[in-house]
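Accompanying notes for the structure given below.
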Amino acid sequence: MVSGHRHGSRQAPVFAPGPDGLAHLELILSGAYPFPGFMTRDEVESVSRSGRLPDGRPWPVPVTLEVPEELAGEKSLTLTDLEGAPLAGLEVREHWEEGGVHRLAGDVTMLRPATYGVLRELRATPAEVRAQSELEGSEARALLAVVTDRPLHHRALHQIRAEADALARGGERAGVIVVVDAPLEEEGLATAVLAAEPLLPPRSSFVVVTLPRSRARAAGVVGGAWSERDTALAAHVAAAYGATHMLAESGGRGPEIERVMALRPPLTVLDPEPWRYDSEEGLWKPFTHVDPARALKEPSDDEVESELAHGRELPAWLTPARVGAELARLRPARTKRGLTLLFTGLSGSGKSTIARGVSDGIRRAGRSVTLLDGDVVRRMLSKGLTFSREDRELNIRRIGYVASEITRHGGVAVCAPIAPYETGRAEVRAMVEEFGDFFLVHVATPLEVCEERDRKGLYAQARAGTIPEFTGISDPYEVPTDADLVVDTVDADPAESVAAVMDALREGGWIPALDRHMSEE
């Protein structure tokens with residue numbers, strides 16, 4: 001057990017913040033934020049309302065620490081990383097609760113430098129970066145920060161060089177620092193960003209940070225959309241590293257720069273000129289210099305992800321070879337990725353029958369597959385568990401853990417529990433997606449059809465009250481809103497349902513496409 005710092009005569013409780021809290025904490029401790037701790041309720045409300053702190057200083061986003069209810073009354077905490085190593089002591093100034101969420105405000109004091117997190121050798125503090133620039137005598141009058149959580153393709157590289165050249169032409173001695181936004185616990189796409197180093201202006205440097213994720217950004221496969229406040233926060237962090245100008249590389253045009261600048265960031269946020277690829281000349285050019293009839297637009301992040309998922313090499317006109325090779329390493333073809341296929345539906349919906357058929361089909365396609373059927377799991381992995389909500393959720397967590405291990409080692413796990421609760425399914429998804437891909441199939445057979453089938457007599461017993469907490473009768477089934485595929489078995493033969501799932505897996509690239517001659521036979 002990790003011992004906390006002392007508060008008076010007692011040992012402070014230990015707490016590991018969630019991803020956003022930990023991101024905020026590192027930025028506070030590094031000096032990238034210009035204040036000493038987590039915000040009070042008045043400060044949060046002022047920032048949320050006006051983009052300013054109560055004293056008038058511009059600041060775009062609330063900096064908050066969410067804690068479980070049992071810690072809400074504490075006067076001090078020891079904050080740790082996800083491995084339990086102490087990072088800072090928090091002296092609590094205020095606690096408040098809103099919508100069932102408990103937050104603490106107060107100043108933090110570093111206990112020891114952070115060691116947890118990928119690419120730690122590149123996670124320099126702003127003071128270290130500025131000191132290194134002064135030591136090398138290379139501190140530029142203008143420093144362009146490129147803040148990115150996505151790879152730098154040819155279009156972005158052209159824009160970066162053009163903006164750096166424009167600053168230099170203005171009489172400034174311009175430098176470039178690439179601020180790579182990467183998750184703490186995994187490399188994300190950071191190494192693909194680093195692969196572009198030879199194509200950046202001379203003496204460009206890199207620093208890795210973890211910025212908190214807004215909902216819009218967190219939703220994207222390769223980073224999601226950047227809001228005006230996301231971009232303004234990035235500008236504050238970039239300015240702490242000495243930047244005078246910033247380009248936020250988030251794909252496409254990003255947020256409206258005028259609205260970003262209205263939040264008063266401490267540097268100039270640039271709105272780069274659009275570039276397009278001239279297919280006739282084989283060159284990237286400013287958009288205004290390319291005939292629209294021969295202009296190729298950069299594919300979207302989703303389109304790039306689809307190409308990689310299907311094992312297709314990215315075209316040379318789109319991305320440098322080094323960047324493409326690193327992306328292929330980070331995003332191998334789905335036929336080589338681990339996969340968990342979770343079937344959810346009412347008892348008697350047909351999910352077990354479909355799951356067995358799909359398992360056979362995946363096996364014939366040449367992939368290693370493990371079937372975790374609900375009834376079999378109950379007899380083995382979850383023997384002794386009841387059908388209370390608590391035990392059902394524990395059953396799903398056990399299935400999720402086993403499936404995530406299968407996925408981590410590149411296999412396919414096919415799971416067919418009822419999985420009635422949204423929280424349980426989301427937990428399985430999170431466990432699996434740490435290592436590979438997750439595909440949710442809702443077998444949407446209506447309750448009355450399931451009751452008609454009732455070959456085990458379970459519904460009759462539930463109606464009679466001899467089986468308590470039975471899904472669909474005395475306990476709810478929460479219909480998925482995030483299913484990747486919905487299968488209706490009412491008027492379909494099981495073989496048709498199996499075929500629908502297999503077609504979806506082929507289309508998604510998780511199993512090879514059917515050989516043409518085989519499909520014709």
Side-chain angles (χ1 to χ4, degrees), residues 117-124 144-161 164 176-211 213 217-218 220-224 226 234 247-252 254 275 277 282 284 296-339 407-410 433-437 508-510:
V118 299
L119 299 171
R120 179 55 65 182
E121 69 279 5
L122 292 177
R123 293 179 180 270
L144 172 63
V146 180
V147 182
T148 183
D149 60 357
R150 64 195 304 277
L152 299 176
H153 298 296
H154 280 306
R155 186 266 310 155
L157 291 165
H158 279 285
Q159 288 176 323
I160 293 166
R161 288 192 291 266
V176 175
I177 181 171
V178 180
V179 181
V180 186
D181 177 20
L184 268 173
E185 67 277 10
E186 43 120 349
E187 63 186 1
L189 295 173
T191 54
V193 179
L194 299 174
E197 181 176 13
L199 301 169
L200 288 165
R203 294 178 296 282
S204 295
S205 60
F206 289 87
V207 66
V208 175
V209 301
T210 299
L211 299 176
R213 304 267 153 169
R217 290 188 61 214
V221 174
V222 189
W226 288 55
L247 188 159
E249 171 49 31
S250 57
W275 285 61
Y277 183 73
W284 280 89
L296 294 182
K297 186 179 180 181
E298 182 181 61
S300 69
D301 288 341
D302 286 343
E303 289 169 332
V304 170
E305 178 73 13
S306 179
E307 290 296 291
L308 295 168
H310 287 81
R312 294 190 281 263
E313 187 175 339
L314 297 179
W317 68 267
L318 167 65
T319 198
R322 287 169 55 96
V323 176
E326 183 60 16
L327 279 172
R329 184 188 73 82
L330 294 170
R331 296 282 195 268
R334 283 179 175 161
T335 52
K336 298 178 181 177
R337 296 184 205 172
L339 168 69
T407 301
R408 182 162 72 95
H409 292 286
E433 288 186 341
E434 186 176 352
F435 305 113
D437 294 340
W510 286 286

Inset, instruction - Could you tell me the separation between the CH2 atom of Trp510 and the CG atom of Leu339, rounded to the nearest 0.5 Å? - result: 6.5 Å
Inset, instruction - For His409, enumerate each residue passing the side chain to side chain contact (heavy atoms under 4.5 Å, CB included) test, keeping only those at least two apart in sequence or located in another chain. - result: Glu405
Inset, instruction - Using side chain to side chain contact (heavy atoms under 4.5 Å, CB included) as the criterion, list what pairs up with Ala190, not counting sequence neighbours. - result: Leu119, Val180, Ala182
Inset, instruction - Can you measure from CG (Leu199) to NE2 (His158) and round to the nearest 0.5 angstrom? - result: 9.0 Å
Legend entry - Donor-acceptor contact present, side-chain Arg155 to main-chain Glu298, <3.5 Å: no
Inset, instruction - Tell me, please, which residues at least two apart from Arg334 pass salt bridge (charged side-chain N to carboxylate O under 4.0 Å, His left out). - result: Asp437
Legend entry - Non-neighbouring partners of Glu185 that pass side chain to side chain contact (heavy atoms under 4.5 Å, CB included), sequence neighbours left out: Tyr116, Pro183
Inset, instruction - Apply ring-ring contact (aromatic ring centres under 6.0 Å, His included) to Tyr277 and list each qualifying residue two or more places apart in sequence or on a separate chain. - result: Trp284, Trp317
Legend entry - Listed partners of Arg161 passing salt bridge (charged side-chain N to carboxylate O under 4.0 Å, His left out), at least two apart: none
Inset, instruction - Only counting residues at least two apart or in another chain, list the ones meeting side chain to side chain donor-acceptor pair (under 3.5 Å) with Thr148. - result: none
Legend entry - Pair Thr210, Arg123: side-chain N/O donor-acceptor within cut-off below 3.5 Å: yes
Inset, instruction - Measure the CG-CD distance between Leu318 and Glu307 for me, rounded to the nearest 0.5 Å. - result: 9.5 Å
Inset, instruction - Would you list the pairs meeting salt bridge (Lys or Arg N to Asp or Glu O under 4.0 Å) in which at least one residue belongs to residues 191-200, sequence neighbours left out? - result: none
Inset, instruction - Applying salt bridge (charged side-chain N to carboxylate O under 4.0 Å, His left out), name anything that partners Glu433, two or more places apart in sequence or on another chain. - result: Arg429
Inset, instruction - List for me each residue that meets side chain to side chain contact (heavy atoms under 4.5 Å, CB included) alongside Thr191, sequence neighbours excluded, and say none if there are none. - result: Glu187, Glu326, Arg329, Leu330
Legend entry - Any residue meeting salt bridge (charged side-chain N to carboxylate O under 4.0 Å, His left out) with Glu313, in chain and number order, not counting sequence neighbours: none
